[in-house]
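The next block holds one structure in the form of structure tokens; read it before the comments.
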Amino acid sequence: MQYDVLVIGGGPAGSSLATRLAQMGRSVRLIEKERFPRFHIGESLLPFAIPLLEQLGVAEQLAERFLIKHGAEFVTGDGALVRRYPFAEGVVDGPGYAYEVDRSEFDQLLLDNAAAHGVSVEQGSRVTDFQIDPAEGVEVSVRDGAGQVHRETARVIVDATGQRALFAGQFELRQMDPDLKNFAVFSHYEGAARASGDREGDITIVVVPEGWWWVIPLKGDRTSVGLVAPGRHLKGRKADEQYFLEKIAAVPYLAARFGSARRVAPVRTISDYSYVSRQFAGDRWLLVGDAAAFIDPVFSTGVYLGMLGAFRAAETLDRALTRQRFSRRDFAGYERWLRRVVERYKGFVSGFYRPEFVEAMMNPTDRLQLRQAVTSLLAGRGTGSFAVTWRIWIFQAITRINRDYPLIPRIPGRREAAQGVSASM
Ligand code: FAD
């Protein structure tokens, strides 16, 4: 076998995994189909990613290149109700900050860092085919930019192809979440209004009756803005440029922030369907990042969970390589752990599409430190802390009661939209 591990895909999950394995002394090959830098959506990081980025050895470069983010702010479309969650106020200790990143730059930084750690990286080449022999190893076909195909071998293979989900597609493992069949439409602006001081880098989530908008200020003067909503609200329309411009102008909070701003990027649309793979591992293969599961991005969890899973997968693979055992059973601990993390966040994210849950997010209580627990969850501590877990159970119980009994002030329009009654976004 040419390599210990072959990683397909050089996004944050693939490059983090490759770097960790190289740090453990393993020989790693990474094949990435694009040439970096390349555009990717997903610009807001979570504080609990910071210790992972430190271990990868890139924390200092992040501080130089990207805008620091101290909190997440939720605001209603009319701007009347604002709730800020400063990361420093979590119920458990952790980094009180993260970054807003230009993904083309961030992903390249991580991929270059993998190469600097000794990972053999090939960009501009696509894995087109793979064969797995449980007894021997894996072999892949790689088509380079010039159309030439060559074959490569390794003891074990990791699918980090993001939403392309190569293995889950091929093995028919992908389960779509019927409750989160959303679309996203987004662009970049210059000259949008932004807060100053500590709040400049806050992500703002703008709650509208049918869904939500993100506003992510980037370093310099650029701001990313996008809408996520269930597909049924399109009512036969296309989520194109005209749609995007109409919608942004119709939300008073956004109209005020972007009124005199200039659009500097095309309007892009992607489907934002959440899914989970039925299996996260098999004999001689593992899934990481979006290739394993994609959870709606309302809480900006994608990059962090992808990296967290990559770190866990690296430990699992390092052990497997030491023992020379690569069956699915040897990866069972990784599968169980990842399933738990995904389910926890999925539950919380689905909640956001229910009016009673948003009402509780906009009016959290400090009793029992529930607001602080939600803060920790928003910072990325959704699992692994009982102090957070039991409080989130109570928070969710309150939202359930709030569905039928008005414990918390209602937000106009949201309940009607959830029931399918027309409301303007
Ligand atoms: P990716 O970053 O997608 O990387 C996969 C790589 O694999 C790609 O570079 C691709 O070119 C490569 N590849 C694919 N197929 C092949 C092949 N056959 N051969 C070789 N290479 C291949 N996350 C956040 O953390 N914060 C946010 O604010 C956020 N906002 C989001 C908004 C939207 C609308 C969406 C859809 C997602 C958002 N996310 C966000 C999620 C985030 O973008 C992803 O979770 C993250 O990029 C996953 O990283 P990854 O490494 O698994 O996959």
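Every number for a ligand or one of its atoms is a count from 1 in the order of the listing. Everything quoted here is computed from the prediction, not taken from an experiment.
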Y97: partners by ring pair (Phe, Tyr, Trp, His ring centres under 6.0 Å), with sequence neighbours left out: Y99
Derivation and outcome, ring-ring contact (aromatic ring centres under 6.0 Å, His included), residues Y253 and W212: CA-CA 12 Å; Y253 173 87; W212 57 278; over 10 Å; no
Sequence neighbours excluded, every pair satisfying ring-ring contact (aromatic ring centres under 6.0 Å, His included) that has a member inside residues 127-148: F130-F167, F130-F171
N/O donor-acceptor pair under 3.5 Å between S376 side chain and V388 backbone: no
Could you list each N/O atom of ligand 1 together with any protein N/O atom closer than 3.5 Å, one pair per line with the distance?
unit_1, atom_1, unit_2, atom_2, d
ligand 1, 2 (O), H40, NE2, 3.1
ligand 1, 2 (O), R103, NH2, 3.1
ligand 1, 3 (O), H40, NE2, 2.7
ligand 1, 9 (O), E32, OE1, 2.8
ligand 1, 9 (O), E32, OE2, 3.1
ligand 1, 9 (O), R38, NE, 3.3
ligand 1, 9 (O), R38, NH2, 2.9
ligand 1, 11 (O), E32, OE2, 2.7
ligand 1, 18 (N), V127, O, 3.1
ligand 1, 19 (N), V127, N, 3.1
ligand 1, 21 (N), K33, N, 3.1
ligand 1, 25 (O), S44, O, 3.4
ligand 1, 25 (O), S300, O, 3.3
ligand 1, 25 (O), G302, N, 3.4
ligand 1, 25 (O), V303, N, 2.8
ligand 1, 26 (N), S44, O, 2.8
ligand 1, 28 (O), S44, N, 3.2
ligand 1, 43 (O), I41, O, 2.9
ligand 1, 43 (O), R103, NH1, 3.3
ligand 1, 45 (O), D290, OD1, 2.8
ligand 1, 45 (O), D290, OD2, 3.2
ligand 1, 47 (O), R103, NH1, 3.2
ligand 1, 47 (O), R103, NH2, 2.8
ligand 1, 51 (O), P12, N, 3.2
ligand 1, 51 (O), A13, N, 3.0
ligand 1, 52 (O), D290, N, 2.9

Pairwise ring-ring contact (aromatic ring centres under 6.0 Å, His included) hits with a residue in residues 1-44, at least two apart: none
Side-chain donor-acceptor pair present, R35, Q108, cut-off under 3.5 Å: no
